Structures are given as structure tokens and as C-alpha cells.
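Let me begin by presenting the structure, written as C-alpha cells, before commenting on it.
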There are 2 protein chains.
Amino acid sequence: MLPPTLLAMTIDVVPFAICAERLAVLLARHSAGWRLPGGSIGADEDLDAAARRHLVEQTELGEVYLEQLYTFGQPDRDPGQRTVAVAYYALVPAGRPPVDALPIADRVRWASVDALPALTLDHGEIVALAHRRLAAKLAYSTIALQLMPERFTLSELQAVHETILGEPLDKRNFRKRILALDCIEVTGDMARRGGHRPARLYRAKRPGQVDFIK
Amino acid sequence: MLPPTLLAMTIDVVPFAICAERLAVLLARHSAGWRLPGGSIGADEDLDAAARRHLVEQTELGEVYLEQLYTFGQPDRDPGQRTVAVAYYALVPAGRPPVDALPIADRVRWASVDALPALTLDHGEIVALAHRRLAAKLAYSTIALQLMPERFTLSELQAVHETILGEPLDKRNFRKRILALDCIEVTGDMARRGGHRPARLYRAKRPGQVDFIK
DNA sequence: ACAAAAGTGTTTTTGTTACACCCATGT
DNA sequence: ACATGGGTGTAACAAAAACACTTTTGT
């Protein structure tokens with residue numbers, strides 16, 4: 001058998017968050033436009049670790065849910081040199097320090113998935129695939145909790161689902177289903193925001209953990 | 001940003017088939033035991049193409065369903081040199097020329113997934129992940145048809161499902177569900193095998209295509 | 001008092017599961 | 001005639017969908 005080929009490899013990360021009721025991706029400024037955060041893999045670095053490192057270095061988003069998505073290796077995907085990209089997606093909880101307040105604010109930007117600027121290489125496709133995967137996972141896992149702040153209302157959680165799926169959900173059925181999953185619990189505190197009845201605040205029972213359902 | 005790192009990359013393929021009512025994997029003989037078919041990636045070769053090429057070269061199995069599974073990149077997964085493996089799985093229809101009849105018969109071997117020999121590196125984990133993925137896909141796609149010969153009976157299809165899931169299924173419910181999917185059609189011919197009533201032979205309506213359901 | 005979002009059950013519909021007998025062939 | 005797997009429908013149950021009004025706050 002032939003020895004393994006040496007190939008240029010990168011990591012690309014699709015960092016998702018909910019911004020202003022929209023599913024948004026954090027993009028990094030690049031000479032030729034915008035691209036996904038990412039970069040090289042250390043000689044002795046795990047792929048997951050490399051993804052996390054690039055995310056922290058370029059976006060200051062640590063401690064987020066991270067999952068491998070797909071590996072893109074078409075020879076012509078990078079017109080410069082042949083590069084294989086291992087793509088990941090990350091879920092950033094709402095309530096993290098907003099990018100505008102960070103020193104890196106001029107290097108990155110949140111962009112809504114349905115109004116993305118042109119991205120370098122095949123990064124547009126990578127985002128599209130990540131979005132589909134995320135939407136599919138809503139149906140059979142508790143993954144949406146990874147996009148929520150520590151404490152949240154049921155209406156907020158429902159809005160996140162609706163944003164990702166792109167369709168409205170029935171309030172009573174949604175609540176029934178979520179509570180039956182036994183993945184969140186009441187905190188006892190109330191969110192009083194706006195001129196209306198205060199809402200109960202919930203928290204994840206097992207923060208950081210994604211459960212599969214059914 | 002740093003330039004992409006050059007890393008040793010390989011392709012590993014998990015070729016599944018149903019042999020003797022068991023889910024089996026085709027293994028390749030290796031100096032240090034058994035391993036999955038696979039190998040290097042050509043400098044200008046697509047990853048999918050490389051997976052298909054290795055499968056043909058090492059196992060003579062062309063024209064099979066092939067899907068990327070996961071990319072394994074732990075730094076210590078290969079004690080020799082650091083190697084990243086892009087893993088695929090393949091589904092081989094029953095009724096292909098059996099391996100024993102091929103000139104490569106002494107280099108490869110079908111092994112049942114529940115009686116695998118020790119495999120090199122992390123290939124055992126790769127097989128386990130592929131098996132889980134395949135079992136999961138039975139529930140929401142017509143992927144099992146990729147393991148069937150051109151013409152097959154409903155009982156044979158049910159047996160394939162049962163073998164992969166490792167549990168028996170109800171005959172009437174299974175038939176109702178499969179026929180409702182509108183993915184197979186009667187050929188008009190009958191399979192008369194054994195001392196009992198002949199069975200209708202079906203064929204896939206869209207051979208080679210995997211539909212998602214629900 | 002009004003506007004705005006929170007909270008709450010029941011009915012209907014749909015899909016899933018459980019289950020048993022006759023049929024056509026080879027021996 | 002008997003053994004073997006092929007073929008078929010219905011009733012019970014569970015899950016999902018549809019649906020409207022009262023409550024609590026801020027202004």
C-alpha cells in the first residue's frame with residue numbers, strides 16, 4: 001500500500017447564534033471578503049481542539065457546543081492550493097458579551113443566515129449544510145438549549161425553534177413537548193420584561209449536554 | 001493567519017453487506033492483522049473518488065452506495081505517524097460475485113460485525129460508528145435497498161432490516177410501511193425457492209437513490 | 001382601561017402497534 | 001398429507017395536531 005498523502009488541511013467553524021430573532025453566523029474579515037473562522041491544525045492537535053482553539057482565538061467564544069459537520073475535499077474548492085477542510089459548527093448561547101463590545105469587533109461580524117454576504121471558497125455551502133443539520137437535530141435532540149442563555153423563558157425557547165425551522169409552532173403543543181422531555185426546570189424567578197405578565201425563568205437540567213429523544 | 005498544515009491523510013471505507021443473514025464488513029489483510037480497505041488520496045483526487053477507487057482496487061466492488069461517515073484525527077490514533085482518516089461506509093448489494101470467487105480472495109475477507117477480529121488502529125471504532133449510522137438511517141430513509149440485489153422479496157428486505165437492527169419486526173406492519181413509501185414495485189415474476197408458496201419479486205423504483213422519509 | 005405576552009386542557013385526527021389465519025408450493 | 005414460508009386486515013392504543021380564553025403585568 002502507498003504511504004498516506006500529505007495534504008494541506010484546515011478547520012472551518014460555523015458559529016451559530018440567535019441575534020435579533022434571526023439565526024446568525026459569525027464571520028471573520030478576510031482580504032477577499034468574509035470567511036468562516038478557522039485555520040490550521042497543529043502537528044499534534046486533535047481536530048476538535050483545533051476547532052475550539054480557532055474559535056477562541058478569532059472570536060473569543062470559548063465553552064460552546066461544537067460538533068463535526070463534514071469534510072470538504074474537492075480538489076478545486078480552493079483555487080490557490082488543494083486544501084481539505086474539516087468543517088464544524090458551534091452553538092453560541094445568547095447573552096455572551098456582544099461582539100461589538102470586544103476588541104476584535106472590527107475583525108468579525110454576525111450575519112443573518114438569510115442575508116449572508118459572499119463568502120470565500122465554499123463557505124456558503126458549508127453554512128447551508130450546517131443550517132440543515134441544525135434544523136434536523138431540533139426534531140430529535142435537545143440541541144436548541146445550547147443556543148439559550150443560562151436562564152430563559154419558554155417563549156424565548158420557542159422563538160429559537162421557530163427561527164431555525166423558519167415556521168411558527170403552536171404554543172401549547174410546544175410547551176407540552178418540551179416539558180415532557182424533562183430537560184429543563186423552573187428556577188423560581190420571573191422575567192419581567194415589557195408591559196405584560198412576567199414569565200417563569202427556566203434553566204437546562206444538564207447544561208452542556210445534548211440528549212437524544214424518542 | 002497561518003498557512004494550512006500539511007498532514008498525512010488517508011481514506012478508510014467500511015464496506016457493508018449482508019452475508020448469511022449477518023451484517024458483514026469486508027476486511028483487508030494487513031501485516032499486523034486486519035484493517036479496513038482504504039489508503040492514500042491522490043493530489044488532485046476528490047475524497048469520494050478516492051474512497052471509490054480504493055474500494056475497487058482492493059475489493060473489486062464498483063458501483064456501490066458510498067457516504068462519508070466522519071473524520072478521525074486524534075493525534076495518537078496511529079502510533080506510527082500522525083494521520084487523519086476520512087472514513088466512509090459503503091453498501092454492497094447482495095448477489096455480487098462472492099469474494100471467494102475473485103482473484104483477490106486471499107487478500108480480503110467478509111467478517112460479521114458481531115464477530116470481528118482485532119482491527120488495526122481505530123478501525124474497530126470506525127465500524128461501530130458506521131453500524132450505528134446505518135441502523136439510524138433505516139428509520140428515516142430507504143437506504144436498506146442499497147443492500148438488496150436487483151430483485152428481491154419482501155421477506156428478504158425485512159430480514160435485512162432485522163439483521164441491521166438486531167430485533168425482529170412484525171411482518172404485516174413492515175410490509176404496510178414499506179409499500180406506503182412507494183419506493184419499490186412488483187416485477188411480476190416470482191421467486192420459487194424451497195418447499196413453500198412462491199414470493200413476489202420486487203425491485204427498487206429508483207435504484208441507487210436513497211429517499212428520506214416523513 | 002388597555003395593550004401585550006404568559007399561561008393553561010380538551011377534542012380530533014393521525015399514525016403505530018398488536019395480533020391469527022388461509023394460501024401455494026415442494027417433498 | 002405435511003411442512004414451510006407467503007400473503008393479508010382490523011381493532012386498540014398512543015402520539016400529534018388543532019384550537020380559545022383567562023391571567024398578570026406596565027403604561
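Since the model is a prediction, treat every value here as computed from it, not as a measurement. Every chain is numbered from 1 and lettered A, B, ... according to where its sequence line falls, protein lines coming before strand lines.
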Query raised in the report: Can you tell me if the side-chain N/O atoms of A:Arg175 get under 4.0 Å from OP1 or OP2 in C:dG7?
Result: yes
Query raised in the report: Under 4.0 Å between a side-chain N/O of B:Ser155 and OP1 or OP2 of D:dG5, yes or no?
Result: no
Rounded off to whole Å, could you give me the [atom1]-to-[atom2] distance for the [X] and [N] pair?
X: A:Arg172; N: D:dA15; atom1: CZ; atom2: C1'; result: 17 Å
X: A:Tyr202; N: C:dA6; atom1: OH; atom2: C1'; result: 10 Å
X: A:Ile178; N: C:dG7; atom1: CD1; atom2: P; result: 14 Å
X: B:Lys171; N: C:dA20; atom1: NZ; atom2: P; result: 14 Å
X: A:Phe174; N: C:dG9; atom1: CZ; atom2: C1'; result: 19 Å
X: A:Leu157; N: C:dA6; atom1: CG; atom2: P; result: 12 Å
X: A:Arg177; N: D:dA18; atom1: CZ; atom2: C1'; result: 16 Å
X: B:Glu167; N: C:dT17; atom1: CD; atom2: P; result: 10 Å

Report task. Please report the C-alpha distance between A:Arg52 and A:Glu63 in whole Å, then the side-chain angles of each, then the deciding distance to 0.1 Å, and finally whether the side-chain contact (heavy atoms from CB on, under 4.5 Å) criterion is met. Result -> CA-CA 8 Å; A:Arg52 204 169 286 279; A:Glu63 296 285 317; 5.7 Å; no
Query raised in the report: Expressed in whole Å, how much space separates the P atoms belonging to D:dG5 and C:dC19?
Result: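 So the two P atoms sit 22 Å from each other.
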For [X], does the [atom1] atom have more than 12 heavy-atom neighbours from other residues, nucleotides or ligands under 6.0 Å away?
X: A:Glu150; atom1: CD; result: no
X: B:Glu21; atom1: CD; result: no
X: B:Arg192; atom1: CZ; result: no
X: B:Gln209; atom1: CD; result: yes

For nucleotides 10-12 of chain C, give me every protein contact, N/O to N/O, under 3.5 Å, one pair per line with atom names.
{"residue": "C:dT10", "atom": "O4", "partner": "A:Lys176", "partner atom": "NZ", "Å": "3.2"}

**Report entry** Distance-only polar pair, side chains of B:Thr83 and B:Thr10, donor-acceptor under 3.5 Å
**Finding:** no
Report task. Only one of A:Arg200, A:Arg151, A:Arg193 passes salt bridge (Lys or Arg N to Asp or Glu O under 4.0 Å) with A:Glu156; say which it is. Result ->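 Passing option: A:Arg193.
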Query raised in the report: Got a sec? Which of residues 186-201 of chain B come in under 4.0 Å of DNA chain D, heavy atoms?
Result: B:Gly195, B:His196, B:Arg197, B:Pro198, B:Ala199, B:Arg200
**Report entry** Neighbours of DNA chain D within residues 134-152 of chain A, by heavy-atom distance under 4.0 Å
**Finding:**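 Close to the strand, none.
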Query raised in the report: How long is the gap from CZ on A:Arg177 to CG on A:Asn173, to the nearest 0.5 Å?
Result: 9.5 Å
Anything under 3.5 Å between a donor and an acceptor, one on a side chain of residues 135-147 of chain B, the other on a protein residue two or more places apart or in another chain? List them.
{"residue": "B:Lys137", "atom": "NZ", "partner": "B:Glu67", "partner atom": "OE1", "Å": "3.1"}
{"residue": "B:Lys137", "atom": "NZ", "partner": "B:Glu67", "partner atom": "OE2", "Å": "3.1"}
{"residue": "B:Ser141", "atom": "OG", "partner": "B:Lys137", "partner atom": "O", "Å": "2.8"}
{"residue": "B:Ser141", "atom": "OG", "partner": "B:Ile143", "partner atom": "N", "Å": "3.2"}
{"residue": "B:Thr142", "atom": "OG1", "partner": "B:Asp211", "partner atom": "N", "Å": "2.9"}

Query raised in the report: Taking only residues two or more places apart in sequence, or in another chain, which ones meet A:His161 in a ring pair (Phe, Tyr, Trp, His ring centres under 6.0 Å)?
Result: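 By the ring pair (Phe, Tyr, Trp, His ring centres under 6.0 Å) rule, A:His161 matches A:Phe174.
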Enumerate donor-acceptor pairs with a distance under 3.5 Å from any side-chain N or O in residues 104-116 of chain A to protein atoms, sequence neighbours excluded.
{"residue": "A:Ser112", "atom": "OG", "partner": "A:Asp114", "partner atom": "N", "Å": "3.3"}
{"residue": "A:Ser112", "atom": "OG", "partner": "A:Asp114", "partner atom": "OD1", "Å": "2.5"}

